[in-house]
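Side chains included, hydrogens not; waters and symmetry mates left out as well; all remaining heavy atoms used. So you know, we letter chains A, B, ... as the sequences are listed, proteins then strands, and number each from 1.
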Protein chains: 2
Amino acid sequence: MTFTRTLLLTDISPPVAAADAAACSSPLAREAIGSLHAETLARSLKALADPARLRIISIVAAHADQEACVCDLTGQLTLSQPTISHHLKVLVEAGFLARAKRGTWSYYSLVPGSIDSVAGVLAAV
Amino acid sequence: MTFTRTLLLTDISPPVAAADAAACSSPLAREAIGSLHAETLARSLKALADPARLRIISIVAAHADQEACVCDLTGQLTLSQPTISHHLKVLVEAGFLARAKRGTWSYYSLVPGSIDSVAGVLAAV
DNA sequence: ACAATATATCGACCAATGTCAATCTAAGGA
DNA sequence: TCCTTAGATTGACATTGGTCGATATATTGT
């Protein structure tokens, strides 16, 4: 890329596309997301893209105080305790849940806005 | 589920939780999502949870006519043509893209509302 | 018909992921 | 102090998933 002036969209006359674009290509209305942005969003979506983890989030969100202990989860999910613990870790590391240990019990709460944020970013892709 | 009358939230007095709930549990404000719903949403999210596929969707959406040919993608993604073709297939099967073959070229377009729909469902989990 | 091009499919490979049994850690109660 | 219980960690395993090279299919141009 050695051009001193960036090729603008308005520079493209209908029949001719951008320099390195193929003949079949149509004009762009805006920029696509960058690869870095794509990787960040993909990481968040990967953390959510599991039935057990979605149910965990939903169970936590369904509680009046937006908080659930692990026993709430082991009771409703037909998964072993270590597996549930693993999913919780994934969700905490992805920034969707926060852990608070009180006595013997661990309580998990939703990080406010974290889900909505991902949903918003996704809708803007 | 053989109860004739559903247990209402207002039936639960503060100190006592639902029948099979543990001592650490707090009351629910609403129902959590069902496992079927969770699996459906997870399938959609899995299709989106990949950097290459997010970029593909973004590139398609960035086009003025919401349509891109494969050559647009091979030019921008540093992935082999078979790999891109694979990702396109995943996105079509998940219902996010539609394929239209015209002549030698295949054009992929966004299925209107499909992304917003997932974003909306996700935000409601 | 033939050659060239665009895209899809196949087969194989390696990395990442979900799951569980076994074990470890920490907090409470007797 | 010891036992019990809640939860996290570890290690192993099977499955899924992303990638590419090779090949197949289909369409256009000569």
Checklist outcome for this item: Only residue of A:Val111, A:Val90, A:Leu110 satisfying side-chain contact (heavy atoms from CB on, under 4.5 Å) with A:Leu97 is A:Leu110

Next on the checklist: Please classify the nucleic acid contact of A:Tyr108 as base, sugar-phosphate, or nothing, using heavy-atom distances under 4.0 Å.
Outcome noted: sugar-phosphate

Checklist entry - Rounded to whole angstrom units, what separation is found between the NZ atom of B:Lys101 and the P atom of C:dA8? => result 7 Å

Checklist entry - Between C:dC13 atom P and B:His86 atom NE2, what is the distance in whole Å? => result 18 Å

Checklist entry - Between atom CH2 in A:Trp105 and atom P in D:dT4, what is the gap in whole Å? => result 18 Å

Checklist entry - Which part of the nucleic acid, if any, lies within contact of B:Ser106, taking any heavy atom under 4.0 Å across all strands shown: a base, the sugar-phosphate backbone alone, or nothing? => result sugar-phosphate

Checklist entry - Can you tell me if B:Asp72 uses its side chain to pair, donor with acceptor, with the backbone of B:Cys69 under 3.5 Å? => result yes

Checklist entry - Which sits closer to the 5' end of DNA chain C, A:Pro82 or A:Ala49, going by the nucleotide each is nearest to? => result A:Ala49

Checklist entry - Can you tell me if B:Ser58 uses its side chain to pair, donor with acceptor, with the backbone of A:Ile33 under 3.5 Å? => result yes

Checklist outcome for this item: B:Leu88 atom CG is separated from D:dG18 atom P, nearest whole Å, by 13 Å

Checklist outcome for this item: From CZ of B:Arg43 across to P of D:dT16 the rounded distance in Å is 13 Å

Next on the checklist: Any base atoms under 4.0 Å from B:Leu79, or only sugar-phosphate, or nothing? Heavy atoms, all strands.
Outcome noted: sugar-phosphate

Checklist entry - To the nearest Å, how far apart are B:Lys89 NZ and D:dC20 P? => result 17 Å

Checklist entry - Thinking salt bridges, do A:Glu67 and A:Arg102 make one under a 4.0 Å N-O criterion? => result yes

Item to check | Which nucleotide in C:dA26, D:dC20, C:dG18 has an atom nearest any side-chain atom of A:Arg53 | outcome: C:dG18

Checklist entry - Across the strands shown, which category fits B:Arg99 at heavy-atom distances under 4.0 angstrom: base, sugar-phosphate, nothing? => result sugar-phosphate

Checklist outcome for this item: Between NE2 of B:His87 and C1' of C:dT7 the distance, given in whole Å, is 16 Å

Next on the checklist: Counting only side-chain nitrogens and oxygens, does A:Thr83 get under 4.0 Å of the OP1 or OP2 atom of C:dT19?
Outcome noted: no

Next on the checklist: So, does B:Thr104 get its side chain near the phosphate of C:dA6, meaning an N or O under 4.0 Å from OP1 or OP2?
Outcome noted: no

Next on the checklist: Quiz question: going by heavy-atom distance under 3.5 Å, is there a donor-acceptor pair between the base of C:dA8 and the side chain of B:Gln81?
Outcome noted: yes

Next on the checklist: What is the separation between atom CG on A:Leu77 and atom C1' on C:dC20, rounded to the nearest whole Å?
Outcome noted: 15 Å

Next on the checklist: We want to know whether A:Ser80 and A:Thr83 form a side-chain donor-acceptor pair, criterion being a heavy-atom distance below 3.5 angstrom.
Outcome noted: yes

